[in-house]
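In the text below, chain A, chain B and the rest are named by the order of the sequence lines, each starting its count at 1. Heavy atoms only: backbone and side chains are in, while hydrogens, waters and symmetry mates are out.
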Amino acid sequence: MTQPRVIFMPSGRRGRVEAGTTLLDAARQLGVEIESICGGRLTCGKCRVRVEEGEFPKHGITSSRDSLSSPVEEERALLDRLPSGSDGRLSCSTCIQGDVLIFVPEESRAHKQIIRKTATERVIDIAPAVYKRYVEVDQARLGEHRGDWGRLQAVLKEQWQLENTTIDLPVLRRLQQVLRREKWAVTVTLWQNGAHVEVIDVQPGYRDGTYGLAVDIGSTTVAAHLCDLRTGELLATESTMNPQVTFGEDLMSRVSYAMMHEDGLDKMHTAIIQALNRLAARAAREAGLKARDIHDCVLVGNTTMMHILLGISPVELGGAPFALANRDAMDIKARELNLRLHPGAYVHILPSEAGHVGADNVGVLLAEEPYRQDALTLTVDVGTNAEIVLGNRERMFSASSPTGPAFEGAQITFGMRAAPGAIERVRIDPLTKTARFRVIGEERWSDEWALDADAPPEAQPQHLAAGICGSGIIEAVAEMFLAGIIQADGRFNPDSAGERITWDGRKPAYMLATGKETVNGEPIVVTQDDVRNVQLAKAALYAGAKLLMKRAGVSTVERIVLAGAFGSYIDPKYAMVLGLIPDCALDSVVAVGNAAGDGARIALLNQHKRKEAQRIAAWVTYIETAVDADFQTEFVAAIHIPHKTDSFPHLQDVLPEAVAAAPRRRRRRVRVSGELPG
Amino acid sequence: MIEAELLQQMTEAIVVGVEDTSLALAKEGLARGIHPLDIVHKGFMPGLDVISHEYETGTCFVPELVVAGTIMEGVLNLVRLELRRSTQSMPMIGRIVIGTVAGDVHNIGKNLVSTILSISGFEVLDVGTNVPPEVLVGKARTVKAHILGLSALTTPTLPVQRDVIELLEEMGMRDDLKVIVGGGAASAEWANLIGADGYAENAMQAVTLCRDLINNTYH
């Protein structure tokens with residue numbers, strides 16, 4: 001019998017283990033860090049994990065609860081005592097007997113995730129869709145038959161010039177009681193959509209404070225910003241992993257999950273709604289409020305996320321022609337989605353541009369407004385799927401390019417997400433070929449670390465290196481190129497030698513961190529295959545940008561905007577050295593952070609921006625790059641570092657001379673001898 | 001041994017990836033009376049094998065394959081012309097119909113596989129991307145293909161590979177040809193699961209796979 005296969009999510013680490021191995025040991029063998037304080041004595045319960053059941057064709061396994069040893073009495077008892085429910089298993093006392101897919105929840109991970117999606121300060125005109133008005137309503141009298149709602153309508157018209165108001169039924173149900181509580185003085189919360197105004201809440205007396213939530217639902221991370229709708233002030237930001245990660249690492253796997261499992265859509269829909277409710281509650285608590293104080297909400301996300309959120313099957317997005325159920329903006333009662341905000345609150349969903357360019361990209365556009373500028377701007381939102389927009393006030397083109405998960409640390413031997421211990425900055429000495437680096441969670445560069453056993457604690461690093469995150473792998477490959485360790489074609493330089501470069505058979509690798517510098521004592525290396533995966537990812541992005549440039553009839557861009565949580569951590573110089581983005585003056589390349597979330601915040605605080613978003617989304621011309629006849633040529637040319645034919649004059653001082661000016665023919669050493677195979 | 005030297009130069013030229021030199025060497029070889037098939041098998045094929053091995057180790061990559069493919073196509077055109085002059089033709093290892101399944105519009109990987117199979121001596125009919133099962137099966141039947149190659153880069157379109165196999169079974173054609181699958185979403189496990197005859201991770205492995213399938217089935 002073959003050894004059972006185990007896959008740990010969300011890291012995706014997998015392997016075969018001896019039957020009978022505990023989940024905790026298997027995790028350690030595969031480099032997955034699960035928290036365990038009691039060390040397997042069934043006391044702490046910190047190592048709780050979840051078994052995902054069903055068929056997972058991508059991994060080629062069928063995972064089942066029955067593939068694990070049944071829980072012993074102590075485990076059952078401990079699970080029952082844990083606050084987060086008894087649906088999990090404790091990895092220290094669970095043995096693997098067959099194929100399983102295990103999800104390690106955030107709280108059980110030894111290195112908890114740092115999710116760096118922080119809202120930046122932007123100038124926003126405050127004109128919210130939801131606002132409060134204080135009114136004193138005429139008391140009901142005998143002989144006057146307008147009804148209480150009629151009287152409220154009349155005063156809204158007289159005092160606030162609000163015509164044709166409507167009222168939400170649950171508000172109407174409470175209206176009479178509320179009006180009479182404080183002598184017919186009430187605070188009305190209104191939701192405005194163009195000319196239409198709806199009363200979504202009525203509170204007795206004078207009430208201050210109107211709050212709204214802007215949420216960016218990323219496929220990996222969900223970030224929520226709680227704002228004061230009157231002042232625009234950002235009161236709280238909360239983020240969490242998207243719980244749908246369990247059902248598939250990337251968008252396409254989630255679409256697949258919805259196809260393959262009858263309850264797949266339902267599970268993913270419920271998971272995201274629950275996550276949103278938790279986020280709303282947490283953000284409200286942080287601001288000293290309750291979730292039901294939130295009267296408005298704007299959501300952005302990619303098209304698949306929005307479909308699943310609305311309970312619409314994303315199956316059509318899985319294949320050509322990538323038809324959206326609806327491209328336009330939507331206003332939906334939060335309660336219809338089981339979102340626990342104020343019961344009268346609406347959720348506004350920004351429009352999409354095309355099958356694979358969603359509301360998140362529209363959010364980026366709202367935040368950056370390239371459509372108001374003269375400068376020809378290339379906006380790139382880097383993720384597993386890169387959204388690329390090129391243009392200015394005259395015209396705009398957009399595209400989506402399948403970069404794959406390399407920039408999120410997947411498909412890289414020592415790749416990891418941005419968490420403490422992830423290498424995020426890299427410098428390589430061109431002479432000695434030794435590297436120094438910086439990890440997340442530690443300010444000092446690795447060459448300032450004191451690693452001896454007797455070093456004083458303050459000199460020791462907070463975190464040893466655990467892996468390489470997206471910005472780290474970009475810098476690593478770019479620095480390896482600058483140091484001559486790899487050539488422009490991405491191949492390890494055969495002349496390159498030194499203790500940092502190892503040749504395992506004919507497969508070379510570069511040692512970025514020595515065993516002393518890492519968490520588990522094993523060196524962290526960048527392999528030839530890692531370099532190749534980065535090349536494929538960056539070529540997809542560059543080729544997409546290039547096709548848009550061709551479509552616009554330009555050969556250079558004036559400004560580059562790097563958006564996305566990951567985008568903010570890319571050093572523009574290295575992005576350009578690698579050839580991820582085309583040539584541009586370095587000071588015109590800006591990283592804007594989570595612009596999609598900022599766009600959501602802007603739409604939350606300004607109702608006119610919602611209309612603007614609708615106009616822009618329909619105005620941008622979407623280009624289907626995959627079917628463009630030139631895509632293949634552009635893609636192949638962009639595999640080179642930085643590019644086979646395009647020049648990078650702005651990197652003149654950085655790149656080896658010949659590369660910046662005009663790329664020359666790549667020289668390869670021919671190894672042809674009598675012992676040829678075949 | 002001027003002939004051996006010339007063949008050696010051909011091998012080097014395709015490995016280095018210089019198209020003009022390669023074609024010039026092929027012409028020179030033909031002019032000197034080297035047998036056209038020797039130019040392919042003793043001149044350029046060993047170079048392609050070097051590239052193939054270097055691809056496996058990561059030394060060579062997609063651009064090098066594309067260049068080698070272009071060179072080889074040029075060489076094969078010259079060789080075919082020469083063979084036709086003496087009413088001969090290129091021996092064909094097997095006939096392959098290849099396409100990206102319905103729903104998926106990606107073609108770069110599939111194109112590369114087509115090219116490499118074709119320059120390795122297979123007759124390849126590439127039916128493009130976003131191809132419905134009926135068209136793939138219909139084409140395989142009309143041209144009497146030995147192998148049907150199905151590509152899928154995106155996971156949601158993966159089940160279409162299974163649909164094709166089921167359609168072949170329905171039409172009673174499953175025993176007449178071999179089905180191989182590939183593309184970013186596919187895996188050896190998946191191939192096994194749907195009862196395909198093989199999976200290849202890249203263009204080079206596809207050549208080996210097809211050769212093995214033909215040898216084991218038809219010889």
Under a 4.5 Å heavy-atom cut-off, does chain B meet the side chain of A/F322, its backbone, both or neither?
-> side chain
What residue in A/M260, A/R532, A/K507, A/Q528 has the most heavy-atom pairs under 4.5 Å with chain B?
-> A/R532
Of all the heavy-atom pairs spanning B/V105 and A/A626, show the shortest one and how long it is.
-> CG2-CB, 3.7 Å
Approximate separation, where rounding is to 0.5 Å, of A/F492 CZ and B/T59 OG1 | 10.0 Å
B/V66 portion near chain A, given a 4.5 angstrom heavy-atom threshold = side chain
Which one, B/L193, B/N111, B/T157, leads in non-hydrogen pairs under 4.5 Å with chain A?
-> B/N111
With a 4.5 Å heavy-atom cut-off, do B/P63 and A/K644 have their side chains touching?
-> no
Between CZ of A/R491 and CD of B/E64, what distance do you get to the nearest 0.5 Å?
-> 8.5 Å
What closest approach, in Å, do A/G318 and B/T154 show between heavy atoms, and which atom pair accounts for it?
-> O-OG1, 4.0 Å
Identify the heavy atoms of A/A320 and B/N130 that sit nearest to each other, and give their distance.
-> CB-ND2, 3.6 Å
Using a 4.5 Å cut-off on heavy atoms from C-beta on, say whether the side chain of A/I639 contacts that of B/F61.
-> yes
Output the distance between atom NE2 (B/H106) and atom CZ (A/F631), rounded to the nearest 0.5 Å.
-> 7.5 Å
Within a reach of under 6.0 Å around NZ of B/K42, are more than 12 heavy atoms found that belong to other residues, nucleotides or ligands?
-> no
Any side-chain heavy-atom pair from B/V62 and A/V636 closer than 4.5 angstrom?
-> yes
Heavy-atom contact with chain B under 4.5 Å, split by part of A/E55 = side chain
All heavy atoms of A/M259 vs all of B/P156, minimum pair found to be CE-O, 3.2 Å
Answer with side chain, backbone, both or neither: which region of A/E624 has an atom nearer than 4.5 Å to a non-hydrogen atom of chain B?
-> neither
Look at B/A102, B/S52, B/G58 and state which one has the largest set of heavy-atom pairs under 4.5 Å with chain A.
-> B/G58
Using non-hydrogen atoms and a 4.5 Å limit, figure out which bit of A/F635 sits close to chain B: side chain, backbone, both or neither.
-> side chain
